[in-house]
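If you're wondering where the values come from, they're calculated on a predicted model, not measured in any experiment.
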Amino acid sequence: MKDALHDLLLHALDSLRRDGVLDAPAPDFVIERTRSREHGDFACNVALLLAKPLGRNPREVAETLVAALPKSHRVERVEIAGPGFINFFLSDAAWHEEIRRVLHEGTQYGHSRSGAGRAVGIEFVSANPTGPLHVGHARAAAIGDTLARLHSATGWKVYREFYYNDAGAQIQNLALSVQARIKGIEPDDPRWPADGYRGDYIRDLARDYQSGATVEAGHPTGDYNREYSRELAKVDVPEAAPEVTGYRVTAGQDPDDLDAIRDFAVAWLRREQDEDLRAFGVRFDVYFLESSLYTEGEVLRVIERIAQQGHSYEADGALWLRATDFGDDKDRVMRKSDGTYTYFVPDVAYHLSKWERGYKRAITELGADHHGSLARVRAGLQALDIGIPKDWPEYVLHQMVTVVKGGEEVKISKRAGSYVTLRDLIDMAGIDAARYFLIARKSDSQLVFDVDLARAQSNDNPVYYIQYAHARVCSVQRQMHDRSILFEQHNALKHLDRLRGEHARAVMVEISRFPEIVEASTANREPHLLAQYLRELAGAFHVWYNAEQFLVDDEDLRNARVALAFATRYVLANGLGMLGVSAPLSM
RNA sequence: GCGCCCGUAGCUCAAUCCGGAUAGAGCAUCGGCCUUCUAAGCCGACGGUUGCUGGUUCGAUUCCAGUCGGGCGCGCCA
C-alpha cells in the first residue's frame with residue numbers, strides 16, 4: 001500500500017525533473033502512517049526535504065509535486081498541511097483492494113520475498129550444558145525463534161543454531177559436582193568442589209549415572225556442521241537442513257571415571273535442555289559443539305591466520321590480538337602463557353564457520369551481560385582480513401528477566417535451586433503466555449514477568465485478548481455452519497463497499513499495516529513490534545464486533561462483513577504463528 | 001575511572017525502515033452497556049514539563065554534549 005504511494009511520488013519527481021522544474025536529486029523521503037485521521041492515511045515529507053536544496057518554500061514545493069501527481073484510484077484526495085507535508089487520503093477502494101488481497105493470499109498474507117532466498121544464521125540460547133535452562137534462556141529462545149520465524153516469512157533461508165560451550169572449566173566443574181554426589185558428598189560438606197553446581201538436578205544426574213541409564217541427545221560432533229557447510233557452499237541454499245540425529249550415552253557407573261561421568265552428564269543435560277526447548281516450541285537446525293573447533297584444528301587456524309596478517313604479538317609469554325586496531329578498547333589475549341586458548345578464540349572460529357557456510361546475515365542473540373564479547377569477536381573477525389563486514393554478525397542483546405508472582409519476586413526453583421527455570425515458567429504460565437510476554441517488550445529493556453497476569457483469563461491479559469478475537473471469528477464460522485449459512489466469497493468481494501462506518505474502516509486499516517509490521521520487525525530485529533501490533537488489531541476487531549452484527553439477513557452485507565472477519569482471522573493467525581503462539585478455534 | 005543498555009501517565013509499556021504535525025495503548029480509579037454471532041468483550045471520564053540542563057534546525061521522545069538515577073560489563077574466567 002505504501003509502495004503504491006511511493007511510486008506515485010517518484011513518477012511526479014521524475015516528470016518534474018524532465019521538465020526542468022525541479023533541479024535536485026530525489027531525496028530519501030519517507031511515507032508514513034499518520035497519527036491522526038485529520039492528516040489523512042499516509043503522509044510524506046518529501047517537500048520538506050527538497051525545500052533546502054532548492055532554496056524554495058516547502059509548501060510551494062509540495063504544491064508543485066501534488067500538481068504533477070498521476071491519478072490513482074487508490075487516492076481520494078491529497079492535501080498539503082503543516083510545514084509542507086503531503087497528506088494522502090485513500091479511497092475506500094484502496095482498503096477493499098487490500099482485503100481482497102488478504103482473502104486471496106490467506107495464510108501467506110504478510111509474507112514476502114524480501115529475503116530473496118538468502119541464508120541467515122540465527123544463533124540463540126547457546127547455554128552451557130551445565131544446568132537446566134533459566135528464564136533468561138527462555139527470553140532468548142522466544143526472541144531468537146520469533147526472529148527465525150519472521151525471517152522465514154520474509155523469504156530468508158533460516159538456520160537456527162545452538163552453540164555449546166562444552167570444552168571449558170565449567171564442564172569440569174559439572175563432572176566434579178556429579179562425582180561428588182555419587183560419592184555421597186552434599187553441597188554443604190567441606191569436601192564439596194569449590195565451584196560445584198549445587199542444584200538438585202545434580203543428584204538426579206548422579207542417581208542415573210549409578211543406575212547405568214542411557215540418555216539420547218542432539219548431535220555429538222561438529223561433523224554434521226562441516227558436512228552441511230560443504231553443501232551450503234556448493235548450492236548456496238540447501239533445500240532443507242539434514243535431519244538431526246541423536247546420539248546415545250550409557251552411564252559408565254564407575255565413580256572414579258571422570259571422563260565417563262563428564263560425557264554422561266553433558267548428554268543428560270543436553271537432553272534436558274532439548275526437551276524443555278521442544279516443549280517451548282523451539283527447535284534447532286544446527287548444534288555446534290565448541291569442542292569440535294579444537295578437535296578439527298579451527299582454533300589453531302584462526303590463530304595462525306591472524307598472526308600471518310600481522311595482527312597479533314607476543315608479550316608476557318602470551319599471544320595477543322591487536323584488538324584496539326579494530327575498535328575494541330584493549331588488546332586481548334588469545335593464547336595464554338600456559339599454552340591454552342582464551343574462550344573468545346573458539347568464538348571467532350565459530351563465527352568464521354558461519355561466514356564460510358555462506359550466511360549473508362548472521363544474528364547472534366545474547367544476554368546483555370555478554371555484551372563485552374561483541375567488540376572482541378568482531379575485532380577477531382576483522383583481523384582475519386577475509387572481507388567480513390565490520391558490522392557482521394549482527395547482535396541482539398536481551399536484558400534481565402525478573403519473575404513476579406503475588407507481588408513478590410520469585411527466585412528459587414526446586415530443580416535448579418538458585419534460579420527460576422524455563423520449565424518453571426511453562427508450568428506457571430503456559431507456553432502461549434510465556435512466549436508472548438517474553439517477546440512483547442523491546443529486548444534491550446529489562447522485563448518483569450508477572451505470572452499472575454500471564455495466567456489471568458481476563459482482558460488484562462493481552463494474549464487472551466488476541467486469541468479471543470481469533471476465537472470469536474471461528475465462533476461466527478461455527479454459527480454459519482449450524483445455521484447453514486454459506487459464505488459466498490465472490491459475492492462478498494463485489495460488495496465490500498457495503499462495509500461502512502469507522503469501526504470496519506479501522507479494522508481494514510489495521511489489517512493493511514500487517515505486511516509493514518512484519519518487514520520492520522524483521523529488518524530491525526524487533527519482534528516486539530509484532531506482538532504490540534496484534535494487540536492493536538485485536539482491539540480494532542473487538543470494537544467492530546461489538547458494534548455490528550455480522551450474520552444479518554441482507555446477503556450482500558453479510559458476505560462483506562464475514563469477508564472482513566475472515567481477513568482479520570488470517571492476519572491474527574499468521575501473526576500469532578510468527579510468534580509461536582497458538583490461535584485457538586474456541587476458548 | 002572507562003564502556004554498553006535503560007529512564008515516557010499512579011503501574012506495565014508503545015511511538016513503524018535511525019528527526020515530523022495535538023506523545024499513544026493496557027492496567028488501576030470513577031461512570032455506563034448482555035432476551036442479538038462467546039461480557040475472556042465494548043463505550044465514556046480522569047491522567048504527561050518524555051529524569052534534568054544545554055546544543056544542532058523549519059521541527060527533537062528520537063541526533064549530540066553534559067548531568068542525575070537504575071542495570072550490566074570492564075581477567076592470561078567462560
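- Contact annotation for A:Gln532: backbone-only contact, meaning every heavy-atom pair under 4.0 Å involves sugar-phosphate atoms and none involves a base.
- Rounded to an integer number of Å, the gap from CZ of A:Phe550 to P of B:C42 is 13 Å.
- In the interface, the side chain of A:His371 is paired with the base of B:G3 through a donor and an acceptor atom under 3.5 Å apart.
- B:C5 atom P lies 14 Å from atom CD of A:Glu526, rounded to whole Å.
- Applying a 4.0 Å cut-off to non-hydrogen atoms, the residues of residues 319-333 of chain A that approach RNA chain B are A:Trp320, A:Lys330, A:Val333, listed by residue number.
- Within 4.0 Å (heavy atoms only), A:Gln172 reaches no atom of the nucleic acid at all.
- Of all nucleotides listed (B:C37, B:A14, B:G73), B:C37 comes nearest to the side chain of A:Val476.
- A stem is defined here as three or more consecutive Watson-Crick or G-U pairs, each with both distances under 3.5 Å; for RNA chain B these stems are B:1-7 with B:68-74, B:10-13 with B:24-27, B:29-33 with B:41-45, B:51-55 with B:63-67.
- Applying the salt bridge (Lys or Arg N to Asp or Glu O under 4.0 Å) rule to A:Lys442 yields no partners; only residues at least two apart in sequence or on another chain are considered.
- Residues from residues 437-446 of chain A that place a heavy atom under 4.0 Å from any atom of RNA chain B, listed by number: A:Arg441, A:Lys442, A:Asp444, A:Ser445, A:Gln446.
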Check: How far apart are the C-alpha atoms of A:Ser353 and A:Glu298, what are their side-chain angles, what is the distance that settles it, and do they pass the side-chain hydrogen bond (donor to acceptor under 3.5 Å, both in side chains) test?
Finding: CA-CA 9 Å; A:Ser353 149; A:Glu298 294 300 303; over 6 Å; no
Check: Just by protein heavy atoms under 4.0 Å, how would nucleotides 55-67 of chain B read 5' to 3' in B, S and -?
Finding: --SS--B------
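- Between B:A15 and A:His528, a contact under 4.0 Å exists linking OP1 or OP2 to a side-chain N or O.
- Screening A:Arg505, A:Lys2, A:Arg33 against A:Asp41 for a salt bridge (Lys or Arg N to Asp or Glu O under 4.0 Å) leaves a single residue, A:Arg505.
- Defined by atom type and a distance below 3.5 Å, a donor-acceptor pair is missing between the side-chain atoms of A:Asp432 and A:Tyr464.
- For the pair A:Val476 and A:Phe487, the minimum side-chain heavy-atom distance is 4.5 Å or more.
- Of the candidates B:C43, B:U36, B:U16, B:U16 carries the atom nearest the A:Ala520 side chain, counting heavy atoms from C-beta on.
- Two residues are said to be in side-chain contact when any heavy atoms from C-beta on lie closer than 4.5 Å; A:Tyr350 and A:Glu161 meet this criterion.
- Backbone-only engagement by A:Asn128 is indicated by non-hydrogen atom pairs under 4.0 Å involving sugar-phosphate atoms exclusively.
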Side-chain donor-acceptor pairs of residues 341-349 of chain A under 3.5 Å, sequence neighbours excluded:
unit_1, atom_1, unit_2, atom_2, d
A:Thr342, OG1, A:Val333, O, 2.8
A:Thr342, OG1, A:Met334, O, 3.4
A:Tyr343, OH, A:Arg376, NH1, 2.9

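- A:Asn173 has its side chain out of reach of A:Thr130: every pair of non-hydrogen atoms, C-beta onward, lies at least 4.5 Å apart.
- Straight-line distance from the CG atom of A:Leu530 to the P atom of B:A14: 15 Å, rounded to whole Å.
- As rounded to whole Å, 10 Å separates atom C1' of B:G70 from atom CE of A:Met400.
- Set against B:C76, B:G20, B:C42, the side chain of A:Thr342 has B:C76 as its closest nucleotide.
- Between A:Tyr464 and B:A39, a side-chain N or O to OP1/OP2 separation shorter than 4.0 Å is absent.
- Two rings, from A:His470 and A:Phe541, have their centers 6.0 Å or more apart.
- An OP1 or OP2 oxygen of B:C77 is reached within less than 4.0 angstrom by a side-chain nitrogen or oxygen of A:Lys336.
- Inter-residue side-chain proximity for A:Tyr545 and A:Val473 is flagged as unmet; no heavy-atom pair is nearer than 4.5 Å.
- In this structure, CG of A:Asn87 is placed 11 Å from C1' of B:G20, rounded to the nearest angstrom.
- In this structure, A:Glu290 atom CD and B:A78 atom P are separated by 8 Å, rounded to whole Å.
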